[in-house]
Amino acid sequence: MIILKIGGSVITRKEEDEPTIDHENLKRIAGEIAESTHQKLIVVHGAGSYGHPLAKKYAIGDEIRNKEDLERKMMGFSLTQQSVKELNGLVTEHLRREGTLSVSIQPSSFILTENKRIKRAEIALIKRYLELGFVPVIYGDVVLDENEHIQMAVLSGDQIIKFLAENLHAKRVILATDVDGIYNKNPKKYSDAHLIETVSSLEQMETGEETNTDVTGGMGGKVSELLELLELKIESEIINANTEGNIRKALNGENVTGTRIKK
Ligand code: ADP
Ligand code: IPE
């Protein structure tokens, strides 16, 4: 079983404050997934401009100060949940149109966190979809949290991958984003940044240079999740989804430029 995460930076215009889809990329990627020869596959996608600006505006996951603040955050939760669900609808629709039998799975209706980490999830359901031959499509969402001081949390697609890979024993984990992989520093800011082909610890990169709209830790958050997976002996790779053919090749097991998270 392969888990593929498509970053919000690839299928949305992440720099926008309003939800903005990148139809062209989404259609091409859906085509590449349909053309590949994978067997069981789970697609996880990020929220991009459908999730981060709203989650940030309503400070979902921050401590609740009073009843008014709780009500405001609940409104933010509801708005964010709806927005990322709309993005998920577009992703599953494109996948289906290009020939993949996708099925939508909403994290906020089957996952609970405690202190922002997944505590419980109805994993048997996903197994069943996979057995039947569906491609489940799961995504970064807002979820209920058992810590009474926060009540709600933002759950990144990156944490979802880690959880699914661990609990469903994924054979391969592929993260597709808008850069070639992990660099020693942010390649969008520093032209002299160089790609690191193998990462086995956080010390190998600077992670303090994220965009200020990403509420789930950007590249640093991604690497932390993948390093936790590595502890469980599950290796992963980060590749560039903006390079045509990369997703198809990676799913087919061909070599693609990128970063491998391995010992
Ligand atoms: P996605 O939306 O695809 O999940 P993110 O926006 O969260 O991806 O993270 C990817 C971004 O992280 C890149 O566009 C890049 O600008 C930024 N970044 C920051 N530091 C690094 C680094 N050391 N190596 C690679 N990318 C980095
Ligand atoms: C974020 O998910 C979820 C919300 C903001 C609601 P991700 O962290 O996986 O999204 P991207 O890939 O960075 O856009």
Side-chain angles (χ1 to χ4, degrees), residues 3-16 19-22 25 29 43-61 73 76-88 91 106-108 111 113 116 137-143 152-164 174-197 199 202-226 238-242 246-247 258-259 261:
I3 299 179
L4 168 71
K5 185 200 170 193
I6 311 165
S9 65
V10 179
I11 51 173
T12 77
R13 305 253 157 79
K14 207 164 168 175
E15 67 288 354
E16 302 288 335
T20 316
I21 193 83
D22 189 327
N25 258 359
I29 289 166
V43 172
V44 179
H45 67 80
S49 53
Y50 282 73
H52 289 283
L54 279 169
K56 191 181 169 80
K57 177 175 174 196
Y58 289 92
I60 308 292
K73 283 191 164 59
F77 185 100
S78 176
L79 290 168
T80 313
Q81 188 204 41
Q82 180 173 340
S83 183
V84 291
K85 188 177 159 203
E86 278 164 19
L87 172 62
N88 176 253
V91 175
Q106 183 181 37
S108 46
I111 297 179
T113 53
K116 307 183 184 178
V137 186
I138 314 175
Y139 52 101
D141 197 2
V142 282
V143 294
M152 294 160 260
V154 179
L155 177 63
S156 72
D158 302 325
Q159 191 186 150
I160 295 175
I161 320 184
K162 192 238 151 195
F163 181 83
L164 294 178
I174 304 164
L175 262 85
T177 184
D178 69 341
V179 290
D180 277 355
I182 302 170
Y183 289 71
N184 62 327
K185 49 191 175 180
N186 191 346
K188 288 210 177 142
K189 265 191 132 170
Y190 301 95
S191 56
D192 64 338
H194 65 261
L195 183 69
I196 310 174
E197 287 185 1
V199 163
L202 258 186
E203 282 78 62
Q204 286 167 266
M205 63 182 278
E206 279 176 25
T207 55
E209 302 282 351
E210 312 299 346
T211 57
N212 57 9
T213 51
D214 191 301
V215 296
T216 51
M219 190 54 88
K222 235 178 274 311
V223 182
S224 308
E225 299 293 346
L226 298 181
I238 301 182
I239 60 166
N240 194 340
N242 285 334
N246 263 2
I247 288 191
T259 299
I261 318 292

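Computed over heavy atoms, backbone and side chain alike; hydrogens, waters and symmetry mates excluded. Atoms within each ligand, like the ligands themselves, are counted from 1 in listed order. Because the structure is a prediction, the values reported are computed rather than measured.
For ligand 2, the polar-atom distance check finds no N/O of Gly7 at less than 3.5 Å from any of the ligand's N/O atoms. At under 3.5 Å, not a single nitrogen or oxygen of Thr80, backbone or side chain, sits near a nitrogen or oxygen of ligand 2. Residue Asn184 places no N or O, backbone or side chain, under 3.5 Å from any N or O of ligand 1.
Residue contacts with ligand 2: Gln159 is excluded, as none of its non-hydrogen atoms falls under 4.0 Å. Residue contact check for ligand 1: Val10 places no non-hydrogen atom closer than 4.0 Å to it. The shell of residues lying under 4.0 angstrom from ligand 2, judged by heavy atoms, excludes Ile60. Ligand 2 has Lys5 within reach: a non-hydrogen atom of the residue lies less than 4.0 Å from it.
Residue contacts with ligand 1 for Pro187 involve side-chain atoms from C-beta outward but no N, CA, C or O (heavy atoms, distance under 4.0 Å). For Ile160, no heavy-atom contact with ligand 2 is shorter than 4.0 Å. Contacts between Met219 and ligand 1, counted as non-hydrogen atom pairs separated by less than 4.0 Å, involve both the backbone and the side chain. With a 4.0 Å heavy-atom cut-off, ligand 1 is reached by the backbone of Lys185 but not by any atom from C-beta on.
Remark: among candidates Gly181, Ala176, Gly8, Gly7, the nearest residue to atom 25 (C) of ligand 1 is Gly181, based on non-hydrogen atoms.
More than 12 heavy atoms of other residues, nucleotides or ligands lie within 6.0 Å of CD in Glu86, so this atom counts as buried by the packing criterion.
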